[in-house]
Amino acid sequence: MKHEEIVVEDNVSTVVRFVLLGFSEFPNIQGFLSGVFSIIYMVVLIGNFLIIIITRLDPALHKPMYFFLGHFSSLEICYVSVTLPRILVNLWTQDRSISLLSCATQMYFFLMFGATECFLLAVMSYDRYVAICNPLHYPLVMNPKKCHQLAAGSWLGGVPVQIGQTWQIFSLHFCHSNKINHFFCDIPPILKLACGDTSVHEVSVYIVAMLFAVVPFMLILASYSKIGLTILKLPTAQGRAKAFSTCSSHLLVVVLFFGSASITYLRPKSNHSAGTDKVLSLLYTIVTPMFNPMIYSLRNRDVIAALKRFMLKT
């Protein structure tokens with residue numbers, strides 16, 4: 001591992017390169033970790049690309065629900081590709097250094113795609129709300145133009161705020177150390193390296209987390225509360241089971257993603273530990289995207305049928 005520089009300017013030491021410690025505390029299983037993460041990355045790519053392909057090619061899936069699912073799978077590929085390739089390169093080369101610019105770029109795209117995921121999950125819950133609670137108005141409300149607007153808003157809504165937040169974090173001076181005890185450039189471990197008082201920056205992180213995570217989560221809870229009440233009023237058990245099956249996979253993904261991400265960003269700084277942060281980050285950055293294609297396909301008859309048709313054609 002290279003020991004990277006800390007430049008001295010005006011008697012103040014300033015970090016110009018960081019070292020991502022990642023999983024360096026496990027030197028004996030670096031090859032094993034490399035193999036595991038390589039398999040996970042292939043599973044994420046293949047599973048999500050399959051969903052993108054069948055939602056585009058199969059006419060039976062040309063519905064708003066699967067339009068958003070295709071966008072969600074595209075997002076998961078982007079989201080995982082921000083962190084996993086860097087992890088793999090670090091494990092293969094054992095060169096864990098990363099420039100200040102590369103670190104800032106990784107953080108920006110990670111935050112931006114994270115905000116997109118929060119918004120897109122909220123949009124998907126709204127789609128299910130309209131489909132189940134207002135089925136007669138569903139084609140009118142969720143028309144193609146509205147679907148494209150909601151998807152574009154989800155992708156672009158977090159861009160200006162995350163540019164500002166990334167600039168704010170990297171405008172700090174880093175003088176304590178250049179070693180980031182994490183496997184990617186995330187906000188909590190970066191703030192630990194900053195000089196002076198970072199309380200203002202921590203408050204801004206909480207505000208952004210509330211805006212981009214808590215607000216969408218509350219909208220999702222409101223949507224599913226209405227959906228639950230509507231399902232209970234359905235006259236037949238078969239109808240209730242069908243309505244619940246279309247929502248359960250999405251609800252499971254929501255719990256996995258928001259649960260682990262909220263604990264990471266909303267718990268007090270005093271409760272942060274490098275080991276816990278890494279485990280939680282693995283859950284919402286790598287493990288959840290790996291299981292999403294399986295959750296959505298195995299629990300959805302339309303997707304299973306479309307996959308069978310696609311496999312038969314190929």
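Note that the coordinates shown come from a computational prediction; the quantities given were computed from them, not determined experimentally. Values below: every heavy atom of this structure, side chains too, minus hydrogens, waters and symmetry copies.
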Point-to-point distance, once rounded to the nearest 0.5 Å, from NE2 of His182 to NZ of Lys192: 9.0 Å
Parallel, tilted or perpendicular: rings of Phe183 and Phe23 (30°, 60°): parallel
Check: Ile98 main-chain N/O paired with Ser102 side-chain donor or acceptor under 3.5 Å: no
Atom pair CD/CD1 of Glu76 and Ile286 - distance to nearest 0.5 Å: 12.0 Å
Phe174-Phe18 aromatic ring centre distance below 6.0 Å: yes
Asn134 side chain to His137 backbone, donor-acceptor under 3.5 Å: no
Mutual orientation of the aromatic rings belonging to Phe184 and Phe110 [parallel < 30°, tilted 30-60°, perpendicular > 60°]: tilted
Flag, side chain of Lys179 to backbone of Leu21, donor-acceptor distance under 3.5 Å: no
Reported CZ-to-CD1 distance for the pair Arg56 and Ile51, which is rounded to 0.5 angstrom: 13.0 Å
Residue pair Asp127 / Phe67, side-chain heavy-atom distance below 4.5 Å: no
Side chain Ser171, main chain Gln168, donor-acceptor under 3.5 Å: yes
With Thr55, the side chain to side chain contact (heavy atoms under 4.5 Å, CB included) member among Phe68, Tyr66, Phe72: Tyr66
Donor-acceptor contact below 3.5 Å, side chain Thr166 vs main chain Ile163: no
Spacing of OG1 belonging to Thr116 relative to CZ belonging to Phe109, to within rounding of 0.5 Å: 11.0 Å
Considering all heavy atoms, the nearest Ala115-Gln162 contact: CB-NE2, 4.1 Å
Heavy atoms from other residues, nucleotides or ligands near NE2 of His62 exceed 12 (cutoff 6.0 Å): yes
By side-chain contact (heavy atoms from CB on, under 4.5 Å) - contacts of Phe217 (at least two apart): Leu221, Val254, Phe258
Ring geometry between Phe119 and Phe212 (parallel below 30°, tilted from 30 to 60°, perpendicular above 60°): tilted
OG-CG distance between Ser38 and Leu33, expressed to the nearest 0.5 angstrom: 10.5 Å
Check: Ser281 side chain, Lys278 main-chain N or O, donor-acceptor pair, under 3.5 Å: no
